[in-house]
Colleague: 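What follows is a single structure, and I will ask about it in a moment.
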Amino acid sequence: MDRYGPQMSGEQPETSPWTLSPTRIRPRDLLLLTTGSLIASFYIGTGDISIGTNMGAKFGFRLWWSYFVLGIAGWALIDMSVRYFLQFGRTPMALFKELHPALTIYMFLAVVVCTTFGSYSQWAACSMVVSGFFPSVPIEAGGALAALCGLVVLLAGAYARLERLFVGGLITLILCFLASALMVGLDWTEAAKGLVPQVPGEGWQALLASNGGSIINAWLILIYPYTMAERGWFSNRLQGKVNILHRARIDYGWGILAAGIVALPIMAAANAVARPFGIVPRGYMDLSVLLEPLAGTWSTHLFLVGLFLAAWTSGVGWWLCGAYALLDIFNLPIRLDSKPMRVCLVLFSIPSSLLLFLRINPVYQMLIFSAFLSLVTPIIGIAMLCRIARPDMGYFRWSLKSARGAAIILADLFAIAITLYVGVWQGWLNFNTVFVRR
Amino acid sequence: MRRILSMALPILVSSQAAALAERGQLNALAFAVYAPQWTWQQCDINVLVVLTNRDSRPAHVEVTLVFPQDKEEHFDYPGDKPRTISVSVPSGQTIRRAFAGIRPRNDPPPQEYAFKVSLRCSDKQVDVSYPVRTIRGEAFSGGRWVALGVPSGVAVAWCVAFLIAMKRWAIPGAWKMPGRPVDIPTSGEPWIDMAPK
């Protein structure tokens, strides 16, 4: 019997793992899968755009495959946390509390630091875009306005409306980037070749590791169960759990796929504009400026609009997940329209906006942010793996008795291997570079 | 598709390109110079030059980037990067070159600068005027450690603020105890407990 009682798992003891079929999803129901766009917002921010730009400038499309290979690992990480939630009705934060209180303290620090710095860098990007369109507008004003809009949207407290907003934002930014890239020329044949895993040339490992750090991070393990709690995606019946898992997998699969889709036009633009001249853009804004001489004003404008939407949705996503995580740490209800949630959102908005007025280069905060994530992500990944590998996962336990079960084990192990590579090999062993002058 | 978009959008909304896109001819050599006309301070300017040789013989050309008079110190441009590029363009070929990484410094006030790109082939020379405007960009003086320390201090201070705020609603010791399982929804979406057909 499951340790939380039959009420919680609702499964019949004799049901073999991974043997039930989910209810088929009608095509129109796919349109209702909206949380994936929230997941996508975590990926598609200034970091994703900078990485895509560098990849395109150095290697053209030849690292495009890395988004999808790393995406498998990201998908598996989310899947682990969702299976845990469905089995026990608890979020992964409960797992960390069970391990040791010190981990909770570390998670608290990581949530506050990473949410503050992660969102600040997005508001800084929004401010740069506003300055690009209206050079006379102070940078601080543009960024603060973007942050204020985000806060207003979140304080309105309607979670369903928020998801629809993110869907609209994601589709719009994809179209903007795509149109911008089409204006400079997109070689579809070369892009297709970029889907084949390959070694493109010197320096590719650093970009791969950066991409891994962007796609695979600790928030992945946390965020999706929060959205499930918000939407009431939980059941005490096994068939219900199977149905929810099926829908959730398509949902966050879309979210991860979106990161790879957005990367294509960004790589194309960098490949066409920067690569022929041996230029490697230093930041997310450099490419937009390079577009203008070769493809005209509208190419730059569309790119800037796409960049603004990517940064804004990412900033809002950071606040949302950070606030959810804090409520979870203190065992408060996971609800967007609750008073503690609103207080958390306001508290996050203050430092991440005030840092704009200090006009500090976001690069430095991102170093601290990256160090925190690279330290915590491997630990969280291993903790999650050890937990979901236990037999009390019931129907969702590891099993080699079926192809589905074996595939899940492979995906989980692959995810942790990538997490360790990115977090330990690239993060821990290079941690001292934070303090080394570049 | 690219051509349609490139043609249609400027027609739909006429808007001047805020960039230098100067084309010309130097003997049998066709040239084009591209560069942005505005940039943030501390963000690189890249000047792109495209040379096409339509003659039956190779063409040798020197391309020089001329900095604004008396304002060279307003920019960071490493000494190992060339200011004059000598290019030999084979017959019928197109060659691209760039003066990359010209970085406006933070200290001077935002202003317009008068660069020049000079192209010389045999005994002929063409000068392309290149005005570029700088606007204020992200900046924080005080060194790397201040840039690391101040935000870190803000984050630590805000951890205290969150602790004070959360203490108001959380029961003592909640941070150490796993939360109770999520409530089973009384009216979930109909597809959740639907059996497959």
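Here is the naming used below: chain letters follow the sequence lines, and residue numbers restart at 1 for every chain. Bear in mind the structure is a predicted one, so any value in this text is a computation, not a measurement.
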Colleague: Taking side chain as everything from C-beta outward and backbone as N, CA, C, O, which of these in B:Arg180 sits under 4.5 Å from a heavy atom of chain A? Side chain, backbone, both or neither.
Modeller: backbone

Colleague: Does a sphere of radius 6.0 Å around CD in B:Glu73 hold more than 12 heavy atoms from other residues, nucleotides or ligands, not counting ones at 6.0 Å or beyond?
Modeller: yes

Colleague: I'd like to know if the side chain of A:Arg90 and the backbone of B:Gly179 have a donor-acceptor N/O pair within less than 3.5 Å.
Modeller: yes

Colleague: Any idea which heavy atoms bring A:Pro340 and B:Met166 closest together, and the distance?
Modeller: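 Distance-wise, the nearest heavy atoms are O-CE, 4.1 Å.
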
Colleague: Taking side chain as everything from C-beta outward and backbone as N, CA, C, O, which of these in B:Val156 sits under 4.5 Å from a heavy atom of chain A? Side chain, backbone, both or neither.
Modeller: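 Neither the backbone nor the side chain of B:Val156 comes within 4.5 Å of chain A.
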
Colleague: Non-hydrogen atoms of chain B under 4.5 Å away: do they reach the side chain of A:Phe348, the backbone, both or neither?
Modeller: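 It is both, since atoms from each part get that close.
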
Colleague: Measure the CG-CD1 distance between A:Leu332 and B:Ile171 for me, rounded to the nearest 0.5 Å.
Modeller: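 Answer for the CG-CD1 pair, A:Leu332 versus B:Ile171, is 9.0 Å.
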
Colleague: Decide yes or no for B:Trp191 and A:Ile25: does some side-chain heavy atom of the first lie under 4.5 Å from some side-chain heavy atom of the second?
Modeller: no

Colleague: Which pair of heavy atoms, one from B:Ile192 and one from A:Trp233, lies closest together, and at what distance?
Modeller: CD1-CA, 4.3 Å

Colleague: Specify the closest pair of heavy atoms between A:Leu347 and B:Ala165, including all atoms of both residues, with the distance to one decimal.
Modeller: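 That closest heavy-atom pairing would be CD1-CB, 3.7 Å.
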
Colleague: Quick one: does any side-chain atom of A:Lys97 pair with a main-chain N or O of B:Ala174 as donor and acceptor, under 3.5 Å?
Modeller: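 Such a contact is found between A:Lys97 side chain and B:Ala174 backbone.
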
Colleague: Using a cut-off of under 4.5 Å on heavy-atom pairs, state which of B:Cys159, B:Ala195, B:Ala98, B:Ala170 scores highest against chain A.
Modeller: B:Cys159

Colleague: How long is the span from the CG atom in B:Asp193 to the OG1 atom in A:Thr23, to the nearest 0.5 Å?
Modeller: 9.0 Å

Colleague: Are A:Phe108 and B:Phe162 close enough, and set up right, to give a ring-ring contact (aromatic ring centres under 6.0 Å, His included), and what steps lead you there?
Modeller: CA-CA 10 Å; A:Phe108 173 76; B:Phe162 274 109; 7.1 Å; no

Colleague: Measure from the side-chain N and O atoms of A:Asn243 to the backbone N and O of B:Met194, and report whether any donor-acceptor pair falls under 3.5 Å.
Modeller: yes

Colleague: Any sub-3.5 Å donor-acceptor pair from A:Asn331's side-chain atoms to B:Met177's backbone N or O?
Modeller: yes

Colleague: Where do B:Ala155 and A:Val113 come nearest, in terms of heavy atoms and distance?
Modeller: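 That would be CB-CG2, 3.9 Å.
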
Colleague: In the structure I gave you, are the side-chain heavy atoms of B:Trp169 and A:Val343 within less than 4.5 Å of one another anywhere?
Modeller: yes

Colleague: Might you confirm whether atom CZ of B:Arg83 has over 12 heavy atoms from other residues, nucleotides or ligands at distances under 6.0 Å?
Modeller: yes

Colleague: Could you check which of A:Leu327, A:Leu326, A:Asp328, A:Thr116 has the highest count of heavy-atom pairs closer than 4.5 Å to chain B?
Modeller: A:Leu326

